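A quick write-up on the structure given underneath.
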Number of protein chains: 2
Amino acid sequence: MNDFIDLFDEFDRRILPHHLTDADILRLRHQAFALHLRAQGHVDFGNPEDHFAYIAKGSVKLVAYLSSSREQIVAFGFPGELMHIPGAGRNGFSLIALEATELLAIPAASLLAASGKDSTLLRLAIEQTILALGRSRANSIMLGTHSARERLAGFLFAMFERGARHRASPETIRLPMSRAEIADSLGLTIETVSRQFSEMRNLGLIETSGRSIVTIRDWEGLALAAGQMPAAA
Amino acid sequence: MNDFIDLFDEFDRRILPHHLTDADILRLRHQAFALHLRAQGHVDFGNPEDHFAYIAKGSVKLVAYLSSSREQIVAFGFPGELMHIPGAGRNGFSLIALEATELLAIPAASLLAASGKDSTLLRLAIEQTILALGRSRANSIMLGTHSARERLAGFLFAMFERGARHRASPETIRLPMSRAEIADSLGLTIETVSRQFSEMRNLGLIETSGRSIVTIRDWEGLALAAGQMPAAA
DNA sequence: CGTGACGTTGACTATTCTCAACTTTCGTGG
DNA sequence: CCACGAAAGTTGAGAATAGTCAACGTCACG
């Protein structure tokens, strides 16, 4: 239970607005629940209610299961982020840990209701949702118009920006997900992802070490590969 | 100016919660603006602020312009819907009318601020955003895992459900968008879309008449083509 | 009734997927 | 600390899907 208190405190300090009443905070605390997932552990929010999840440690994927055996990763979640998890609807969604992960789950309704007089919480929720919408739309653009090379290069940039950094060097990323998971999120196959890694390695854009360490060697080249216009244009 | 009053009244009746104070409504009314677009007319919200758009008549597309000449349609908007329009960010977004369209644009900030004591409006905004997020994620799934056939079949279902109905018969849809626009929203080329239409016509799934009238002849077959599991399974 | 935009069809090309064999990584237990 | 084995990743060859280029047909508007 200490876990929960620590987690909630962190959430309170880093996410919640500072001027919430104690009553509001208490109400939230009663409806939130902490989860400690090991790698591959998953949560299925079976009830139709939406949830928000605050990721404290680790990383997660939000996957949609389709009728067939195929799955699509809809979003990744990293520490410090507040994710929106859709309730059971047309597609079943699961939140799956990529590595050992600590998170706090809050029913959307209670986050929305917590703001009696003060709507700061509501505003927080809407901000996060708009952010997620933006990311999702960017993802649609990527899937709709970009080649395999562009997708992987863009993916590496996104991972870099979202702080999957590795301490070794400022240019080095530690990817917490497997090739299969990268493929599922980019709408590609494992083999294509692997081939793209190899080609980008041969072009001198990146270096890799082991399964998950990637060092970016040529930022400009990688940006070009991602389909971004050269700066001059 | 009568246009505006009519539009705003409709918005008030059909979307706004009934128990708003007059003050709130007045404040909203001051910040909203009505737009009357002809086919292909467009609005660019240049400022970085987000907007909501209430579509009263007609239909619109929300397109993202990429570095290259390619564009991706991120969402369509139909009458009665409240769309979220992202402000100028990484990608420039434009709202473009597919046909003559009347809409009401409201800066997101003022919709969010309108709720002093009462947060119903805020709740409305978040609901709509979550809805849009859901649609966007469904779109990602479609683009990431579905074939051309599945995409077009799914598109027809979505259009049917979102009320692009034609009065002629309950099975008939009037598509307000061109093949090029369908292609841009599905991440395909015009030719591929056209070929899929032809093949589905030959398979007896649909009939077409002119450029924009589609009649669904075999619902089950179309559902199958959309990649949905047969009901029995 | 002509004209230009829109849509269809065909032949060919390119990219990605599929299937399959092979190699590397990394956690486990000796 | 090393060796083992399962899981993960890589590479290759051939097949399939969608894209490209180009010609032709049709619709809808003046």
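For clarity, every value in this text was computed on a predicted model and none was experimentally measured. All chains are named by letter (A, B, ...) in the order of the sequence lines, taking the proteins before the strands, and each is independently numbered beginning at 1.
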For [X], enumerate each residue passing the side-chain contact (heavy atoms from CB on, under 4.5 Å) test, keeping only those at least two apart in sequence or located in another chain.
| X | result |
| --- | --- |
| B:Ser185 | B:Ile73, B:Phe76, B:Phe155 |
| B:Glu10 | B:Arg13, B:Arg14, B:Tyr54, B:Ala56 |
| A:Ser194 | none |

From [atom1] of [X] over to [atom2] of [N], roughly how many Å is that when rounded to an integer?
| X | N | atom1 | atom2 | value |
| --- | --- | --- | --- | --- |
| B:Met200 | C:dT8 | CE | C1' | 16 Å |
| A:Asn202 | D:dT10 | CG | P | 12 Å |
| A:Arg174 | C:dC26 | CZ | C1' | 15 Å |
| B:Met142 | D:dA18 | CE | P | 13 Å |
| A:Leu175 | D:dA8 | CG | C1' | 14 Å |
| B:Glu181 | C:dA5 | CD | P | 15 Å |
| A:Asp184 | D:dG9 | CG | C1' | 15 Å |
| B:Met177 | C:dG7 | CE | C1' | 16 Å |

[X]: which residues meet the side chain to side chain donor-acceptor pair (under 3.5 Å) condition with it, sequence neighbours left out?
| X | value |
| --- | --- |
| A:Arg135 | none |
| B:Glu191 | none |
| B:Ser94 | B:Asp44 |
| A:Arg149 | A:Gln196, A:Glu199 |

Shortest non-hydrogen contact from B:Leu143 to B:Gly187?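 Looking at all heavy atoms of both residues, the closest pair is CD2-N, 4.1 Å.
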
Who are the salt bridge (Lys or Arg N to Asp or Glu O under 4.0 Å) partners of A:Glu99, not counting sequence neighbours?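 By the salt bridge (Lys or Arg N to Asp or Glu O under 4.0 Å) rule, A:Glu99 matches A:Arg174.
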
Do the rings of A:Phe8 and A:Phe4 sit parallel, tilted or perpendicular, given the 30° and 60° boundaries?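 Plane angle between 30° and 60°, so tilted.
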
Could you give the angle between the helix axes at the two ends of the helix from C:dC1-D:dG30 to C:dG30-D:dC1, with five pairs per end, rounded to 10 degrees?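 Rounded value for the end-axis angle: 50°.
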
Letter per nucleotide, 5' to 3', of nucleotides 9-20 of chain C [B base touched, S only sugar-phosphate touched, - untouched; heavy atoms, 4.0 Å]: BBB----SSBB-

Side chains of residues 203-211 of chain B: which donor-acceptor pairs under 3.5 Å do they make with residues two or more places apart or in other chains?
residue  : atom : partner  : partner atom : Å
B:Glu207 : OE2  : B:Arg217 : NE           : 2.7
B:Thr208 : OG1  : B:Arg201 : NE           : 3.0

Contacts under 3.5 Å, N or O only, protein and nucleotides 24-30 of chain D:
residue : atom : partner  : partner atom : Å
D:dC27  : O2   : B:Arg211 : NH2          : 3.0

